[in-house]
Amino acid sequence: MAEQGYDEELRSERGYVAGLYSRLDAERARVKGALKEALGGEGRTAMERDDEVRALGKELKRLHVADGGLCFGRLDSVDDETSYIGRIGLFDEKDDYRPVLLDWRAPAARPFYVATAVTPENMRRRRQFHTRGRQLADFTDEVFGRPGGGERGDAALLAAVNAPRGEGMRDIVSTIQAEQDEIIRLDHPGVLVIEGGPGTGKTVVALHRVAYLLYTHRERMERHGVLVVGPNPAFLNHIGRVLPSLGESDVVFMTPGDLLPGLRVTAEDAPETARLKGSLKILDVLKAAIADRQRLPEQPVPIQLGEVTARIDAETAEWAREEARASGLPHNEARAVFTEIITYVLTERAISRISRGWLSRKDRDEWERLRTGLVKDLAEDEKFTGAIDALWPILKPEELLAELYSSPGADPELSRADGAAWTVSDVPLLDELIELLGRDKAADKAAEQAAERERKAKAEYAAGVMEGLVKREDSMDDEDHLFAHDLLYAEDLADRFVELDTRDLAERAAADRDWTYRHVVVDEAQELSEMDWRALMRRCPSRSFTVVGDLAQRRAAAGARSWDAMLEPYVPGRWVYRSLSVNYRTPAEIMDVAAALLAEFAPGVKPPESVRACGVQPWARRVTDDELSGAIEEFVRDEAGRAGTSVVIGPPGVPGTVPASETKGLEFDAVLVVYPERILADGPRGAAELYVALTRATQRLGVLHQGALPDALTGLHSE
């Protein structure tokens with residue numbers, strides 16, 4: 001395009017983008033006004049008002065996030081139809097709601113990401129905008145159907161991958177590549193596995209897939225929300241901005257240690273202990289521990305009923321135990337069946353003795369009258385309730401698991417000191433015990449009754465306020481006034497004492513262990529154990545998952561060695577596999593070093609191909625323990641003067657470093673790896689750790705070693 005023609009086009013496009021922002025501002029002002037009116041609550045019940053306020057609040061958030069990069073491109077079809085592509089959709093209400101900006105997730109926007117010179121998707125040109133804030137800085141065009149047209153987006157993509165890293169992951173909505181777009185829009189109702197090496201964008205692709213699913217299946221998905229599971233809090237903080245930046249807030253972020261409300265577990269077990277706890281074989285141990293506490297009396301337990309004594313003997317208790325177990329109910333709920341059988345036997349025996357000579361079973365009414373009285377007596381008899389507690393106790397997951405670990409016959413690898421903190425591997429076991437034990441219905445009933453008493457007390461207080469205002473109105477002189485807002489206040493007060501849950505979906509879901517999600521994303525999924533997968537499948541009955549991982553980076557002893565082994569038991573024939581092969585993060589100079597290590601510990605795995613070179617060679621320097629702190633300080637000082645982020649990674653216990661496991665899924669402009677030979681010393685797990693450490697950098701990589709440099713790293717430039 002000639003320079004003059006380009007300038008004219010740029011002015012025109014700037015005017016169009018400015019018009020889009022005007023529409024955005026007008027829509028935001030409209031929603032703000034509606035929200036203010038809804039908060040007034042006139043003509044609505046409290047529940048209607050809260051629903052409307054919640055919906056308008058979500059819409060306002062969606063409009064706020066659209067400010068950054070509202071419009072990032074344009075498509076021109078061969079039929080001379082023009083479409084602008086952006087973060088959200090906007091419409092011209094004066095022109096039959098004609099779209100003036102297409103949401104990037106809309107089907108009509110798909111060619112923006114997948115059209116090529118070979119398959120132009122009926123498109124003539126793709127224009128990509130480069131913006132600063134609300135201002136359109138410039139644009140680049142790709143005209144299809146001409147020789148040398150090539151693939152799209154190189155300039156924008158390279159600008160994005162070369163840009164300094166900030167505090168969190170950025171969305172890629174303006175630079176999605178064709179292989180990524182295919183995965184994002186994949187219409188598969190079951191489990192989708194996305195595997196890719198470091199820097200392939202598998203995490204951000206999974207998050208954009210969530211945004212796409214929420215857009216295309218909004219009504220079905222937003223009632224239940226989405227759960228995103230990541231390896232650690234740092235990772236969740238890193239990715240936490242992506243979905244909100246795409247206007248999606250009905251998402252819960254958790255680590256495997258957060259799955260039970262009230263627990264925030266970060267401690268990890270030793271590898272062998274984690275392997276034992278993560279295996280499905282632990283299920284038999286848990287079930288046996290429960291069965292051991294469903295006991296028979298060693299001696300008959302006498303229970304006084306009126307003037308006769310009935311006994312709970314082993315035969316009776318065994319019958320009751322068999323019936324309770326056969327009910328299929330969880331342990332705590334099956335206690336009612338056990339108690340019912342024991343009660344039946346004792347009352348039958350007591351009635352037979354009490355009525356001997358004057359009452360037969362034909363006198364049903366009298367027999368049942370006697371039974372009713374005896375059942376009531378048993379329920380109030382402390383010795384009877386004590387016997388039931390001893391034979392079929394109410395069990396709590398935490399107490400039972402702690403007892404199991406400390407029991408004399410426990411596996412030494414499972415031993416746990418009294419009062420020791422729970423580990424991440426304990427969480428799925430506690431979750432399993434909640435399923436096996438069930439609820440304590442007596443405790444639940446008591447809690448419900450207490451809550452009902454509190455509700456009644458609050459309602460009576462609100463009614464008293466209303467009554468006081470009415471009396472005040474009756475006693476007023478003509479010159480006095482009872483203002484309308486006084487009555488409105490009282491009505492609002494009464495409404496508030498109706499128990500309304502004003503938390504948003506994510507808050508309610510995170511606080512409810514029994515909440516079921518419409519979709520679950522699992523990142524670094526290769527680290528999850530068989531027991532972890534049981535806990536997650538429980539939270540998504542529809543089995544709709546996006547699973548993200550890289551088997552070559554597995555460090556957990558209980559983690560996945562194949563996707564088939566982990567998933568087939570839960571979704572036989574309902575999972576599909578997709579791979580990402582292009583590395584958008586790691587420059588070729590660094591990836592060559594990491595690939596040499598990968599070839600040693602996972603020779604069958606092909607490393608991802610980097611899209612760029614950075615021109616900076618990774619280096620290695622030999623240091624002594626005394627020189628280490630100074631070398632780290634030098635690196636930190638040098639990086640402090642540059643834009644972007646940096647990190648020092650080393651083996652556990654080395655001052656000034658963080659373990660590679662805490663950087664999984666993260667990226668930094670510069671990385672310093674300390675003592676790689678010590679990291680490697682941990683066997684296959686150590687090799688995976690070092691591979692992770694080497695592939696975190698987007699620009700610069702340095703290595704400090706004390707012993708001989710590992711063979712795989714000999715390609716590093718020596719300093």
Side-chain angles (χ1 to χ4, degrees), residues 191 193 202-203 206-207 225-240 251-271 273-280 282-283 286 397-398 401 416 420-435 506 509-517 519-540 543 545-551 553-561 563 565-567 570 659-666 685 688-689 692:
V191 175
V193 175
K202 53 189 178 293
T203 295
L207 296 176
V226 174
L227 173 64
V228 176
V229 179
N232 53 58
F235 175 84
L236 294 182
N237 289 336
H238 179 64
I239 70 170
V251 181
V252 177
F253 293 88
M254 290 184 180
T255 70
D258 300 335
L259 288 177
L260 293 179
L263 283 182
R264 291 293 180 268
V265 180
T266 58
E268 292 189 3
D269 284 306
T273 301
R275 187 188 64 78
L276 289 173
K277 292 181 180 180
S279 169
L280 291 181
I282 200 72
L283 287 172
L286 299 179
E398 296 89 343
L401 194 58
R416 174 177 177 267
W422 295 115
T423 66
V424 174
S425 302
D426 290 325
V427 173
L429 274 61
L430 292 169
D431 193 65
E432 191 72 35
L433 284 173
I434 291 173
E435 288 292 302
D512 185 355
R513 181 260 171 191
D514 295 324
W515 189 278
T516 56
Y517 297 88
H519 190 76
V520 177
V521 176
V522 186
D523 210 328
E524 299 295 341
Q526 73 277 356
E527 307 297 349
L528 269 60
S529 70
E530 293 174 318
M531 290 300 294
D532 288 324
W533 279 110
R534 279 182 67 86
L536 289 178
M537 290 291 174
R538 197 172 284 134
R539 283 155 175 79
C540 187
R543 302 292 195 263
F545 280 72
T546 299
V547 176
V548 182
D550 179 11
L551 294 178
Q553 296 186 58
R554 179 185 63 83
R555 59 181 289 274
R561 286 171 169 78
W563 301 118
M566 283 297 188
L567 298 175
Y570 301 103
S661 59
E662 295 183 14
T663 66
K664 296 200 76 169
L666 308 184
R685 168 174 162 157
E689 292 271 84
V692 170

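Heavy-atom basis, side chains included; hydrogens, waters and symmetry copies ignored.
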_Closest non-hydrogen atom pair, V226 against Y517_ = C-CD2, 3.7 Å
*Locate the shortest heavy-atom distance separating R554 from A688; write the atom from each residue and the value.*
O-CB, 3.3 Å
*Would you mind checking if R513 and D431 are paired as a salt bridge, meaning a charged N to carboxylate O distance below 4.0 Å?*
yes
*Do E530 side-chain atoms and L280 backbone N/O form a donor-acceptor pair below 3.5 Å?*
yes
*Do T255 and F235 pass the side-chain contact (heavy atoms from CB on, under 4.5 Å) test, and can you show the C-alpha distance, the side-chain angles, and the key distance before you say yes or no?*
CA-CA 9 Å; T255 70; F235 175 84; over 6 Å; no
*How many angstroms lie between atom CD of E398 and atom CG of D426, to the nearest 0.5 angstrom?*
10.5 Å
*Taking side chain as C-beta onward, heavy atoms only, is D532 less than 4.5 Å from V229?*
no
_CE-CG distance between M531 and L276, expressed to the nearest 0.5 angstrom_ = 12.5 Å
*V547 vs W533, side-chain contact (heavy atoms from CB on, under 4.5 Å): CA-CA, chis, key distance, verdict*: CA-CA 11 Å; V547 176; W533 279 110; 3.7 Å; yes
_If you compare all heavy atoms of V427 against all heavy atoms of P256, which two are closest, and at what distance to 0.1 Å?_
CG1-O, 3.5 Å
_Let me confirm one number: the NZ-CG distance from K202 to D550, rounded to the nearest 0.5 Å._
5.5 Å
*Looking at P231 and K664, what are the two nearest heavy atoms and their distance?*
CG-O, 4.5 Å
_Return the OG to CG distance between S661 and N232, rounded to the nearest 0.5 Å._
7.5 Å
*Is R534 paired with E435 through a side-chain N to carboxylate O contact shorter than 4.0 Å?*
no
*Search all heavy atoms of A234 against all heavy atoms of E662 and return the closest pair with its distance.*
CB-O, 4.4 Å
*Answer yes or no: is there a side-chain heavy-atom contact under 4.5 Å between R264 and D258?*
yes
*For residues R555 and V692, determine if any side-chain heavy atom of one lies less than 4.5 Å from a side-chain heavy atom of the other.*
no
*Would you say the side chain of V251 lies within less than 4.5 Å of the side chain of V521, judging by non-hydrogen atoms?*
no
*Within a strict 4.5 Å, meaning less than it, do heavy atoms of the F545 and L567 side chains meet?*
no
*Can you check whether I239 reaches F253 side chain to side chain, under 4.5 Å on heavy atoms?*
yes
*Taking the side chain as every heavy atom from C-beta outward, state whether L259 and R539 have any atom pair closer than 4.5 Å.*
yes
*Side-chain contact test, heavy atoms from C-beta onward, threshold under 4.5 Å: evaluate it for L528 versus M566 and give yes or no.*
no
*Reported CZ-to-CD distance for the pair R561 and Q526, which is rounded to 0.5 angstrom*: 12.5 Å
*asked:* side-chain contact (heavy atoms from CB on, under 4.5 Å), that's the test. Do W422 and L401 meet it? Break it down for me.
replied: CA-CA 10 Å; W422 295 115; L401 194 58; 3.6 Å; yes
*asked:* For V191 versus R543, what's the shortest heavy-atom pair and its separation?
replied: CG2-O, 3.8 Å
*S279 side chain to I282 backbone, donor-acceptor under 3.5 Å*: no
*Going through the distances and angles, do T203 and E524 end up as a side-chain contact (heavy atoms from CB on, under 4.5 Å)?*
CA-CA 9 Å; T203 295; E524 299 295 341; 5.6 Å; no
_Rounded distance (nearest 0.5 Å) linking atom CE of M254 with atom CG of L236_ = 10.0 Å
